[in-house]
Every structure is written in structure tokens, then in C-alpha cells.
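Notes follow the structure.
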Amino acid sequence: MEAPEREGAAGVTVWYDGGCPICTREVGLMRRLDRRGAVVFRDVSQAGDAADLPKPPQTLLARFHAAQDGRLYEGAAAFALVWRNIPPLGWAGRLAMAPPVLWLLERAYDGFLRIRPALQAVARRSLGGRARR
């Protein structure tokens, strides 16, 4: 069950696809690294009221989104925002915000999104195999 929503120390909120095994694994890692509790993670697939969401659920499920101080980021910029606010990843977030690096990360993220359905299927099969053992 999702922890009750609270404002993170830096006011960062992330919306992610909790039905995606790749996404939940990555969010799990970020949660473990975020010892200050600077980031609030919201599973869009479990969101009860779409009125609480900054965009329609399908839009939030399609790409990674994060917000801080009322500004919504998506894709590579959202990852960079989150990384900047998690101390062990702060250096990566600062580097990722450099325009040429952000441009490259966005192209890579777009490529990942094209193959994401196939990767999700592989991850689900892999997780299912472990669950049967």
C-alpha cells in the first residue's frame, strides 16, 4: 500500500506507472536512496481521483512525470529533477540538466519508451517464473 501523501522536503512529487515492473523497480531504488524523504512517489495506476492529477492518467502512465514548486517536468527532465533531490544521485541530476546531456538523455528515453512494452513483457515473465518456484 502507498504511504499517505505528504509534501517532500524539496516539494518533489513523482507520478509513475505502478503496473510496470520496470517502473516499480526503478522507483523502489529511488525510494531506498531517498533517505531524507525528499520525494513523494504516487502510483498513477492506483490513483483514485483523476482530479488530483496534473494531467490525464493515460498521459502520466505514458511518460515519467515529476513536479516541484508548481512546475511539471516530464521525460529526462523529470528524472534529472528527482535525481537532483536525492543526495546520492544529486551529481547525476546536476549533470543531466546540462542542455547537451539532457538532449541526449531525452533521445535515449524516447528510444526506451518505444521498446518498453517488450521489456515489460520480459520482466513480467521473469517475475512470474520466480513467483512459481
Side-chain angles (χ1 to χ4, degrees):
M1 178 170 215
E2 195 82 33
E5 182 161 350
R6 55 161 176 58
E7 179 106 2
V12 177
T13 301
V14 167
W15 292 271
Y16 71 99
D17 181 357
C20 166
I22 299 165
C23 304
T24 55
R25 191 168 201 141
E26 185 161 359
V27 165
L29 173 63
M30 287 189 275
R31 277 185 169 143
R32 285 188 301 279
L33 293 173
D34 182 22
R35 295 183 184 176
R36 294 182 318 175
V39 181
V40 174
F41 295 93
R42 295 199 50 210
D43 179 354
V44 177
S45 69
Q46 300 295 314
D49 186 7
D52 288 359
L53 303 174
K55 288 189 172 186
Q58 287 309 107
T59 302
L60 294 172
L61 290 169
R63 288 178 63 83
F64 190 75
H65 288 77
Q68 184 177 38
D69 297 329
R71 182 166 175 211
L72 188 64
Y73 299 78
E74 67 176 84
F79 281 104
L81 171 68
V82 174
W83 297 340
R84 270 195 340 241
N85 284 280
I86 298 175
L89 302 175
W91 66 271
R94 289 185 297 279
L95 177 63
M97 288 308 291
V101 176
L102 187 60
W103 184 87
L104 286 170
L105 289 173
E106 187 63 34
R107 303 295 79 70
Y109 184 63
D110 286 343
F112 163 77
L113 289 176
R114 282 193 288 281
I115 63 170
R116 179 180 168 202
L119 293 175
Q120 286 173 320
V122 169
R124 285 188 181 104
R125 281 193 303 273
S126 173
L127 291 172
R130 274 193 248 140
R132 284 191 291 266
R133 287 182 193 156

Shortest non-hydrogen pair, Val14 vs Ala66, comes out as CG2-CB, 4.0 Å
Listed by chain and number, what are the salt bridge (Lys or Arg N to Asp or Glu O under 4.0 Å) partners of Arg116, not counting sequence neighbours? Asp17
Considering all heavy atoms of both residues, which atom of Gly18 and which atom of Thr24 are nearest to each other, and what is their separation? O-CG2, 3.1 Å
Side chains of Thr13 and Val39 in contact at under 4.5 Å (non-hydrogen atoms): no
Validation row: Ile115, Pro117 side chains within 4.5 angstrom (heavy atoms): no
Is any side-chain heavy atom of Arg36 closer than 4.5 Å to one of Pro87? yes
Heavy-atom closest pair (Met30 atom, Phe41 atom, distance to 0.1 Å) is CB-CZ, 3.8 Å
Taking the side chain as every heavy atom from C-beta outward, state whether Arg84 and Gln68 have any atom pair closer than 4.5 Å. yes
Which pairs with one or both residues in residues 81-101 pass ring pair (Phe, Tyr, Trp, His ring centres under 6.0 Å), sequence neighbours excluded? Phe79-Trp83
Taken in chain and number order and not counting sequence neighbours, the residues that satisfy side-chain contact (heavy atoms from CB on, under 4.5 Å) with Ile22 are Cys20, Phe112, Leu119, Gln120, Ala123
Would you sort out whether Leu89 and Leu33 count as a side chain to side chain contact (heavy atoms under 4.5 Å, CB included), showing the intermediate values? CA-CA 8 Å; Leu89 302 175; Leu33 293 173; 3.9 Å; yes
Heavy-atom nearest pair, Ala67 first then Leu72, reads CB-CD1, 4.0 Å
Closest non-hydrogen atom pair between Arg124 and Gly19, with its separation: NH2-O, 2.6 Å
When the side chains of residues 95-110 are checked against the rest of the protein, which donor-acceptor pairs come out under 3.5 Å, sequence neighbours left out?
from   : atom 1 : to     : atom 2 : distance (Å)
Glu106 : OE1    : Ala76  : N      : 2.9
Glu106 : OE2    : Arg63  : NH2    : 2.4
Arg107 : NH1    : Trp103 : O      : 3.3
Tyr109 : OH     : Phe64  : N      : 2.8
Asp110 : OD1    : Arg63  : NH1    : 3.1

Residues forming a side-chain contact (heavy atoms from CB on, under 4.5 Å) with Leu53, sequence neighbours excluded: Trp15, Arg42, Val44, Ala47, Ala50, Pro57, Leu60
All pairs passing salt bridge (charged side-chain N to carboxylate O under 4.0 Å, His left out) where residues 85-97 contributes a residue, at least two apart: none
